[in-house]
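For reference, the structure discussed in these notes is given below.
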Amino acid sequence: MKKLMMVCGLALGVFTMANAQTDKRKMIAPEDRAKKQTEKLAENLKLSEAQQAKVLNIYTEQAKEQEKERIAAKKAHQEAREKRVAQMAKNEKNLQSVFTADQQKAYHTMKAERKAKMEKRRAAHKGKGHNGPRDGQREMKKM
């Protein structure tokens with residue numbers, strides 16, 4: 001019986017940890033976020049109905065602005081990525097025009113090796129306890 005309880009406890013702990021690591025932040029609608037913040041302030045500060053309405057309006061405007069900024073930042077990021085990809089394609093085309101046929105083959109081999117090495121590093125880091133960059137974001141290097 002004691003062993004069964006320990007196994008159940010261990011299984012529960014493992015499940016909890018696995019679930020916590022894979023849990024993604026859910027996007028909450030701006031209005032819902034504003035309402036939740038207002039309710040919390042109303043509870044903690046004992047706001048009147050009039051104050052709650054004003055606070056809700058302030059938080060709703062703030063949440064909508066933040067949503068606009070988030071969308072604009074995402075769009076700017078996507079545009080910058082597309083620009084980088086186009087620049088890389090242009091550079092690739094220019095390089096190909098300079099290389100001989102043998103050099104082109106060697107260049108493609110070199111690129112394939114570099115890609116394989118990068119994939120190997122990614123695979124090695126994948127199981128190390130961190131989830132890696134989220135949605136294409138890179139971690140900032142510590143100095």
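Because the structure is a prediction, the values reported are computed rather than measured.
In the hydrophobic cluster analysis, where Ile, Leu, Val, Met, Phe, Trp and Tyr join through side-chain heavy atoms closer than 4.5 angstrom, Leu45 is grouped together with Tyr59.
Distance check: Gln52 CD to Asn57 CG gives 13.5 Å after rounding to the nearest 0.5 Å. One distance of note links CD of Glu79 with NZ of Lys83; it measures 10.0 Å at 0.5 Å rounding. Atom-to-atom distance recorded for His108:NE2 and Met110:CE is 10.5 Å, nearest 0.5 angstrom. Note: Leu95 CG to Gln103 CD = 11.0 Å, rounded to the nearest 0.5 Å. Interatomic distance, NZ of Lys54 versus OG of Ser48, reported as 8.0 Å (0.5 Å rounding). Between the CG atom of Leu56 and the CD atom of Glu61 there is a distance of 10.0 Å, given to the nearest 0.5 Å.
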Exercise for review: Evaluate side-chain contact (heavy atoms from CB on, under 4.5 Å) for Tyr107 paired with Gln96, printing each intermediate quantity in order.
Suggested key: CA-CA 9 Å; Tyr107 180 70; Gln96 295 301 323; 3.5 Å; yes

Exercise for review: Might you work through the side-chain contact (heavy atoms from CB on, under 4.5 Å) test for Gln87 and Asn91, ending with a clear yes or no?
Suggested key: CA-CA 6 Å; Gln87 182 65 41; Asn91 289 345; 3.1 Å; yes

Check your understanding: So Lys111 and Glu92, salt bridge (Lys or Arg N to Asp or Glu O under 4.0 Å) or not? Walk me through it.
Key -> CA-CA 11 Å; Lys111 279 181 56 177; Glu92 194 69 24; 3.2 Å; yes

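Glu113 is not listed as a side-chain neighbour of Met118, based on a closest heavy-atom distance of 4.5 Å or more.
Heavy atoms of other residues, nucleotides or ligands lying less than 6.0 angstrom from CZ of Arg70 number more than 12. A 6.0 Å sphere centred on CD of Glu43 holds no more than 12 heavy atoms belonging to other residues, nucleotides or ligands. Counting non-hydrogen atoms of other residues, nucleotides and ligands closer than 6.0 Å to CE of Met88 gives a total of 12 or fewer.
Taking each heavy atom of Ile28 and Arg33 in turn, the nearest pair found is O-NH1, 3.2 Å. For the pair Pro30 and Ala63, the tightest heavy-atom approach, listed with the atom from each and the gap, is O-CB, 3.4 Å.
Between Glu39 and Lys36 there is no salt bridge, since no side-chain N of the basic residue sits under 4.0 Å from a carboxylate O of the acidic one.
Each of Lys74, Lys68, Glu67, Glu69 was compared with Ile71 under the side-chain contact (heavy atoms from CB on, under 4.5 Å) criterion, and only Glu67 meets it.
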